[in-house]
Amino acid sequence: MKLLIVANWKCNPITLREAEKLFDSIRKGIKNVKNSEVVICPPFVYLSLLVSQEPSSVVSFGGQSCFWEEKGAFTGEISPLMLKNTGIKYVIIGHSERRKYQKETDEMINKKLKAALKTGLKVILCIDNISQIPSFLRKRGGRRGRSPLRLKKDLSGLVKKELSNLIIAYEPIFAVGTGKPCSVEKANKMRILIKKEVLNKKIPILYGGSVNFQNAGDYIKKGGFQGLLIGGISLNAKEFIKIVKDIDLN
Ligand code: 13P
């Protein structure tokens, strides 16, 4: 299976011109990669335009969120069906920034997850661990663990078959956008724990949180992750391309 390298541009850049420039540089820079699938998740306003500029399918696209309904009176929302119909393959759901700023609850995330999977999108479900990994591991021994419970809640009501389009991204809050990545060892422990919690053991698990050129390869080689979810550095075409190429070659 190909490694998955996902660029989450978040609320950047602020002009279409910059978005096109960034996209074009990335596309050219990664056109020869063989072992990885690169997914770009730009803000919605740029999404369909960038899709139309990418006939060769060197990169795939993802939305940064979606609603749970197909259509209707839901001002400001984007439906999973709209994403699908625009040629988008992936969607990120449950990102910690949406949980924080849009107050998305586990219940909302569960509805979005189900709707997106039913639409046929590949879902990158983000989960975090706000405590440190060791304390999180301790919570598993019969005590109420926040993240495993959250995860189980997010997955409730889905059958195994529908989970084949699910990807989980472990994004510890302390590492997201802080420049303080989770150590590969701790991330690996969390990865193993997630594997034990999910119904379908084949679900790929990505790491996200302060990924840079220095640490990116280690999460794959030493940490056993099947890919990366990259924020800040994905806005720097040169650095992002370096990461993709390095991972693809090694
Ligand atoms: P950073 O890579 O900027 O830490 O962001 C990670 C992230 O939130 C990706 O979804």
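Note that ligands are numbered from 1 as they come in the structure, with each ligand's atoms numbered from 1 the same way.
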of all protein heavy atoms, closest to atom 2 (O) of ligand 1 is Gly231 N, 2.9 Å
Please check whether [X] reaches ligand 1 - meaning an N/O of the residue sits under 3.5 Å from an N/O of the ligand, judged on distance alone.
| X | answer |
| --- | --- |
| Glu171 | yes |
| Val176 | no |
| Gly232 | yes |
| Lys10 | yes |

What atoms of ligand 1 come closer than 4.0 angstrom to any heavy atom of [X]?
| X | value |
| --- | --- |
| Ser210 | 1 (P), 2 (O), 4 (O) |
| His95 | 7 (C), 8 (O), 9 (C), 10 (O) |
| Leu229 | 9 (C), 10 (O) |
| Gly209 | 4 (O), 6 (C) |

Side-chain (Arg191) to main-chain (Ile205) donor-acceptor, under 3.5 angstrom: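 Not a single qualifying donor-acceptor pair exists.
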Working to the nearest 0.5 angstrom, can you tell me the gap between Cys11 SG and Gln64 CD?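 One finds 8.0 Å between SG of Cys11 and CD of Gln64.
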Taking atom types as modelled, is there a side-chain donor on Glu37 or Ser60 under 3.5 Å from an acceptor on the other?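 Yes - a donor-acceptor pair under 3.5 Å links their side chains.
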Using non-hydrogen atoms of the residue, decide whether Gly208 is closer than 4.0 angstrom to ligand 1.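 Judged by the 4.0 Å heavy-atom criterion, Gly208 does not count as contacting ligand 1.
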So for Pro181, does at least one of its heavy atoms come nearer than 4.0 angstrom to any atom of ligand 1?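 It does not, in that no heavy atom of Pro181 comes within the 4.0 Å cut-off of ligand 1.
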If you measure from each non-hydrogen atom of Asn8 to ligand 1, which part falls under 4.0 Å: side chain, backbone, both or neither?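 Only the side chain of Asn8 comes within reach of ligand 1.
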Below a 4.0 angstrom heavy-atom separation, can you tell me which part of Ala175, side chain or backbone, both or neither, approaches ligand 1?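 Looking at Ala175 and ligand 1, just backbone atoms fall under 4.0 Å.
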If you count heavy atoms of other groups shown closer than 6.0 angstrom to NZ of Lys31, is the number above 12? no
Does any non-hydrogen side-chain atom of Asn188 lie less than 4.5 Å from one of Lys222?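 Contact flag for Lys222/Asn188 side chains = no.
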Under 4.5 Å between any side-chain heavy atoms of Val6 and Cys41, yes or no? yes
Which of these, Asn212, Val211, Leu235, sits in a side-chain contact (heavy atoms from CB on, under 4.5 Å) with Ile230?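 Checked Asn212, Val211, Leu235 against Ile230; only one passes side-chain contact (heavy atoms from CB on, under 4.5 Å): Val211.
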Nearest heavy-atom neighbours spanning Tyr219 and Ala187: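 That closest heavy-atom pairing would be CE2-CB, 4.1 Å.
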Is it the case that the ring center of Phe23 lies less than 6.0 angstrom away from the ring center of Phe61? yes
